[in-house]
Novice: 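Dropping the structure in here first, questions after.
Note that ligands are numbered from 1 as they come in the structure, with each ligand's atoms numbered from 1 the same way. For the single chain, residues carry numbers from 1 onward in sequence order.
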Amino acid sequence: MKTIHLFANWKMYLDFDESNILANALAAQAKKNSEQIKIAVFPSALALYPVGQVLKDVGLAVGAQNAYWVDKGGFTGEVSVNMFKEAGCEYALIGHSERRHIFNETNHEVRQKLEAALAVGLTPVICVGETAEERRADKTEEVVEIQLRSALDKLAVGADAKIFIAYEPVWAIGTGDACAPGEAERMHGKISKIVTALLPKVDCKILYGGSVRPANVADYLIGPLTDGVLIGHASAQLDSFSEIIKRAGELAKA
Ligand code: PGA
C-alpha cells in the first residue's frame with residue numbers, strides 16, 4: 001500500500017473567512033481519512049497561519065504557494081521562506097505555472113527559491129510542465145527536462161532531503177482538459193529517470209496536477225509512478241475535495 005499525497009492549492013480562490021471555514025470543515029471530518037492519505041493545504045499567505053493552527057491538530061499540513069529566497073530585507077510585498085516556516089509550513093510550491101506564466105518567474109528564480117526552501121527545512125514541491133504550444137511542437141519532454149535540470153543540477157541536498165515534483169501540463173490547469181492518465185504516468189517515468197540521475201540519494205515523489213476532479217482522481221492514483229495529485233479548483237470546495245479524499249482512501253485500502 002503506497003502513501004497517497006493530496007495537495008490542495010487554494011490559489012487566490014478563497015478569502016480569509018472562506019479559508020477558515022473550509023479548514024474547519026476538513027478538520028471536522030479528518031478522523032474519517034485513511035492513514036495512507038497525506039493531505040497538505042496551500043492557502044493564501046494571509047489565511048495560512050490560522051488555517052495551519054486548525055489543521056495541525058488533525059494531522060493535515062500547510063504549505064506556501066510561493067516564497068521569496070531572501071530571509072529579511074527591503075523586498076516590499078514579498079514573504080520569505082523563513083517566514084513561512086515560522087508560520088508552520090511544511091511545504092512550499094515552487095515554480096507553479098501561474099507564477100511562471102503570469103508573473104514571469106524564470107528557471108533561475110525557481111532555483112533560488114528551491115535552494116532557500118531546502119535551507120530552512122521546507123519540503124519543496126517543484127512544478128514543471130509544458131504549454132499547449134510546446135506540446136503541439138512536440139517539445140514536452142525537452143521543456144520538462146530543462147525545467148528539472150535548471151532546478152536540480154548540482155543541487156546541494158542533505159541525505160534526508162525530500163523533494164516533490166508536480167507534473168502539471170499548463171494546458172491542463174484550470175481548463176477541465178486533464179492530461180490522459182497514461183500520458184501523465186509516462187511523463188512521471190521520464191521525470192523519475194532525470195531526477196534519479198541528478199540526485200540519486202534524494203527521496204523524490206511525483207504528483208500529477210491539472211484538472212483533477214473526483215471523477216478522474218483514481219485514474220491518476222492507480223499509476224505506480226504517481227505518488228499523489230496537486231489539486232486546484234476542486235480542492236477549494238468542500239464537496240469536491242471531500243469526495244477526492246474519500247476516493248483516494250478507498251484506493252489506498254484496495
Ligand atoms: P486545477 O489546478 O486543478 O484547477 O487545474 C491545478 C494547479 O494549478 O495546481
Side-chain angles (χ1 to χ4, degrees), residues 4-14 18-19 22 26 37-45 47-48 51 60-67 89-105 110 113-114 117 123-132 134-135 140 143-144 147-148 151 163-181 183-185 187-188 191 205-221 223 226-248:
I4 293 175
H5 299 270
L6 301 179
F7 285 4
N9 178 8
W10 289 355
K11 309 193 183 188
M12 211 175 71
Y13 287 133
L14 304 175
E18 290 164 339
S19 303
L22 182 52
L26 291 172
I37 306 290
K38 299 277 175 231
I39 299 173
V41 171
F42 297 76
S44 73
L48 192 144
V51 164
L60 274 61
V62 287
Q65 295 181 10
N66 175 43
C89 283
E90 187 174 334
Y91 300 96
L93 294 184
I94 298 191
H96 186 276
S97 81
E98 285 151 13
R99 301 294 322 163
R100 293 180 190 263
H101 297 289
I102 303 174
F103 301 102
N104 300 320
E105 203 165 288
V110 167
K113 291 181 179 192
L114 171 62
T123 298
V125 182
I126 307 158
C127 304
V128 297
E130 79 288 358
T131 62
E134 289 160 346
R135 177 177 155 86
T140 298
V143 168
V144 169
Q147 290 171 336
L148 288 172
I163 286 182
F164 284 77
I165 306 290
Y167 172 56
E168 297 206 300
V170 180
W171 49 270
I173 294 179
T175 59
D177 183 17
C179 180
E183 200 180 326
E185 185 74 1
M187 278 307 292
H188 295 176
I191 290 169
K205 307 260 184 260
I206 301 177
L207 313 176
Y208 168 74
S211 297
V212 173
R213 304 279 184 268
N216 65 14
V217 66
D219 302 338
Y220 296 103
L221 296 177
T226 302
D227 297 296
V229 284
L230 178 55
I231 317 142
H233 193 259
S235 75
Q237 301 163 39
L238 182 61
D239 52 353
S240 48
F241 194 30
S242 302
E243 189 59 26
I244 286 174
I245 296 170
K246 193 172 132 219
R247 292 193 187 204

Novice: Is R100 reaching over with its side chain to a backbone N or O of C127, donor-acceptor style, under 3.5 angstrom?
Specialist: yes
Novice: Quick one: list whatever passes side chain to side chain contact (heavy atoms under 4.5 Å, CB included) with A67, sequence neighbours left out.
Specialist: V81, F84
Novice: Under a 3.5 Å threshold, I'd like every N/O contact between ligand 1 and protein atoms, with atom names and distance.
Specialist:
from, atom 1, to, atom 2, distance (Å)
ligand 1, 2 (O), K11, NZ, 3.2
ligand 1, 3 (O), G232, N, 2.8
ligand 1, 4 (O), H233, N, 2.9
ligand 1, 5 (O), G174, N, 2.6
ligand 1, 5 (O), S211, N, 2.8
ligand 1, 8 (O), K11, NZ, 2.7
ligand 1, 8 (O), H96, NE2, 2.7
ligand 1, 9 (O), H96, NE2, 3.2
ligand 1, 9 (O), E168, OE1, 3.3
ligand 1, 9 (O), E168, OE2, 2.7

Novice: Which atoms form the tightest heavy-atom contact between I126 and A151, and what is the distance?
Specialist: CG2-CB, 4.5 Å
Novice: One thing to verify: whether K38 and E90 come together as a salt bridge, which I'm taking to mean a side-chain N less than 4.0 angstrom from a carboxylate O.
Specialist: no
Novice: Output yes when a side-chain donor or acceptor of T131 lies under 3.5 Å from a complementary backbone atom of V170, and no otherwise.
Specialist: no
Novice: Has the side chain of D227 got a donor or acceptor atom that lies under 3.5 Å from a matching backbone atom of L207?
Specialist: no
